[in-house]
There are 2 protein chains.
Amino acid sequence: MRILRLFAILDRMRVNRRPVSAETLAQALDVSVRTIYRDMATLQSMGAPVRGEGGIGYQLEKGYFLPPLHFDPDELDAIILGMQLISVRGDEQLANAAVRASAKIKAALLEGERDNFATSPLHAVSMPDEVPAASPLLSPIRLALRERMRLNITYKDLKEKSSTRIIRPLGLTVFDRVWLLTAWCESKSDFRNFRVDRIAEIIKTGDIFPRETGKEFHDFLQTL
Amino acid sequence: MRILRLFAILDRMRVNRRPVSAETLAQALDVSVRTIYRDMATLQSMGAPVRGEGGIGYQLEKGYFLPPLHFDPDELDAIILGMQLISVRGDEQLANAAVRASAKIKAALLEGERDNFATSPLHAVSMPDEVPAASPLLSPIRLALRERMRLNITYKDLKEKSSTRIIRPLGLTVFDRVWLLTAWCESKSDFRNFRVDRIAEIIKTGDIFPRETGKEFHDFLQTL
DNA sequence: CACACCCTGACAGTTTATGTCAGGGTCAAG
DNA sequence: CTTGACCCTGACATAAACTGTCAGGGTGTG
């Protein structure tokens with residue numbers, strides 16, 4: 001059945017973030033290259049984020065392509081409200097992302113359903129005098145965390161004394177309004193936590209750290 | 001092309017929450033009833049939440065069936081973290097819903113992608129001495145809000161003085177740890193806000209209120 | 001420039017889908 | 001219990017869609 005092969009193509013491309021040629025897909029799925037070209041045209045006409053480039057191959061546009069999902073009303077409440085919370089608590093980049101994601105989900109709902117959410121009966125707002133601006137370093141830290149890139153950070157402790165160190169960023173935790181960066185400190189060879197608002201500067205090292213038993217976030221959780 | 005008709009069937013059923021007969025779909029899509037039966041079997045084999053009952057017709061299982069969506073990494077961070085926040089801030093029902101929704105999304109990610117999120121590099125936790133238990137009335141209020149059902153509430157003001165009134169629940173707002181119910185008060189003929197933790201009791205009236213200009217949540221927002 | 005690869009039309013042959021017919025089952029209302 | 005509405009599936013002839021081969025044209029990279 002052709003429809004299964006269309007989904008199979010998307011699955012293989014989700015697995016393979018590198019460009020993949022029509023020839024490779026054709027062999028894997030036991031069809032001709034011409035059929036793959038046809039399937040790609042069909043997928044694109046259906047709106048799938050697939051792009052092909054001569055000399056390169058096919059790949060999914062960056063991001064995460066989720067298949068159809070089914071949520072009950074409570075679950076959708078949780079998603080929408082969660083993004084409301086983020087839009088007032090995260091930094092600008094994360095807040096904008098929450099708005100975008102929320103819009104995508106709402107756009108996918110039907111008009112009658114949308115009323116339950118788009119008119120926003122559920123809200124998260126901050127009291128103006130309580131919420132400090134999230135650190136501008138939050139997003140670059142989040143990015144380094146995702147990339148698993150070591151950071152050189154300048155940190156001020158309670159006495160305003162500065163120190164620098166090389167860390168592996170492992171996790172970010174929000175305690176109400178305080179963001180805490182959990183890291184493996186290379187110079188101390190141990191886990192350390194840093195308040196993001198006390199990090200004065202970060203410098204990306206370009207140095208990717210490997211997965212290493214004993215130095216992962218779940219290892220830190222085991223110490224608690 | 002068949003795949004388009006399969007999606008068309010799902011779209012029509014999203015629009016129509018009542019059961020719809022194969023005959024109706026067949027006429028609408030200009031195919032035979034037998035073809036609709038085949039299409040339904042195909043959709044079910046693909047996991048679509050479609051159920052058919054003799055004498056009744058076909059309908060989608062309750063909930064919200066979202067089509068394939070594409071999120072960039074920041075957007076997915078926002079979604080996952082938002083649900084983390086909800087799981088520590090909402091009442092038990094909303095928190096459970098957040099956990100379930102989060103699990104569905106993570107299950108839909110590929111293993112390589114899942115590592116970015118399932119190992120939870122982003123967290124939301126509460127400091128144990130700061131978070132009061134969310135009111136047990138939160139979920140029934142949320143349900144009434146969704147159903148647009150008038151409530152009879154017993155409210156205690158700052159002086160512990162009780163009063164009862166009939167309200168139209170219009171919106172729920174979370175200020176950090178305080179949930180505020182925005183309502184149209186039928187006896188005062190005006191908007192009123194009630195802290196959920198000061199609501200002693202709610203009694204569902206079974207009375208559905210219509211959409212009425214001047215008495216909606218966005219009308220309240222206009223007064224600010 | 002050469003190589004890798006995307007892209008599309010045409011056509012004959014192959015495969016899948018469709019509509020009709022027949023027969024069996026469930027649910028709800030009277 | 002009966003009746004009507006509607007789901008469900010197999011069989012078969014016919015129609016439609018799909019496939020592979022061939023040909024020709026375009027883009028990106030080293």
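Here is how names work: the chains are called A, B, and so on, in the same order as the sequence lines, proteins then strands, and each is numbered from 1.
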Open item on the list: Tell me if a side-chain donor or acceptor on A/E216 pairs with a main-chain N or O of A/E212 at a distance below 3.5 Å.
Closed with: yes

TODO: Please report, rounded to the nearest Å, how far the P atom of D/dT27 is from the OH atom of A/Y58.
DONE: 15 Å

Task: Distance-only donor-acceptor check, side chains A/T205 and A/N152, under 3.5 Å - done: no

- [ ] Give a yes/no answer on whether the side chain of B/R5 brings an N or O atom under 4.0 Å of OP1 or OP2 in C/dT18.
- [x] yes

- [ ] Sequence neighbours left out, what passes side-chain contact (heavy atoms from CB on, under 4.5 Å) with A/E186? Give chain and number order.
- [x] A/R150, A/I166, A/R168, A/W184

TODO: Nearest 0.5 Å please: distance from the CG atom of A/D72 over to the CD atom of A/E75.
DONE: 3.5 Å

TODO: Check for a donor-acceptor pair, side chain of A/E23 on one end and backbone N or O of A/V33 on the other, with a separation under 3.5 Å.
DONE: no

Task: N or O in side chain of A/Y37 less than 4.0 angstrom from C/dC7 OP1/OP2 - done: no

Open item on the list: Return the CZ to CD1 distance between A/R38 and A/I36, rounded to the nearest 0.5 Å.
Closed with: 11.0 Å

Task: Interatomic distance, A/Q59 CD vs C/dC5 C1' [rounded to whole Å] - done: 13 Å

Open item on the list: Please tell me whether B/S102 and B/R100 have a donor and an acceptor in their side chains that are separated by less than 3.5 angstrom.
Closed with: no

Task: Atom-to-atom span, CG of B/L43 to C1' of C/dA17 - whole angstrom - done: 15 Å

Task: Under the ring pair (Phe, Tyr, Trp, His ring centres under 6.0 Å) test, residues paired with B/Y155 that sit two or more places apart - done: B/F194

Task: Euclidean distance, atom CD1 of residue B/I3 to atom C1' of D/dA16 [Å, nearest integer] - done: 17 Å

Check: protein-nucleotides 10-13 of chain C nitrogen or oxygen pairs below 3.5 Å:
residue	atom	partner	partner atom	Å
C/dA10	N6	A/R38	NH2	3.4

- [ ] Let me know the distance between CG of B/D39 and C1' of C/dG19, rounded to the nearest Å.
- [x] 13 Å

TODO: Output the residues of residues 19-32 of chain B in contact with DNA chain D, where contact means a heavy atom of the residue under 4.0 Å from an atom of the strand; sort by number or write none.
DONE: B/V20, B/S21, B/A22

Open item on the list: Using a 4.0 Å heavy-atom cut-off to protein, can you give one letter per nucleotide of nucleotides 23-30 of chain C, 5' to 3': B if the base is in contact, S if only the sugar-phosphate is, - if neither?
Closed with: --BBSS--

Open item on the list: Strictly by salt bridge (Lys or Arg N to Asp or Glu O under 4.0 Å), give each pair with a member in residues 27-36 of chain B just once, sequence neighbours left out.
Closed with: none

TODO: Report the C-alpha separation of B/T35 and B/S32 in whole Å, then their side-chain angles, then the decisive distance to 0.1 Å, and conclude whether the side chain to side chain donor-acceptor pair (under 3.5 Å) test is met.
DONE: CA-CA 5 Å; B/T35 295; B/S32 69; 3.2 Å; yes

Open item on the list: Assess the residue pair A/T24 and A/R12 against the criterion (side chain to side chain donor-acceptor pair (under 3.5 Å)); give the C-alpha distance rounded to whole Å, side-chain angles, the decisive distance to 0.1 Å, and a yes or no.
Closed with: CA-CA 11 Å; A/T24 303; A/R12 283 176 178 272; over 6 Å; no

Task: Length of the CD1-P vector between B/I36 and C/dA17, whole Å - done: 15 Å

Task: Interatomic distance, A/M40 CE vs C/dT8 P [rounded to whole Å] - done: 12 Å

Task: Atom pair distance, as rounded to whole Å: CZ in A/R2 and C1' in D/dG20 - done: 14 Å

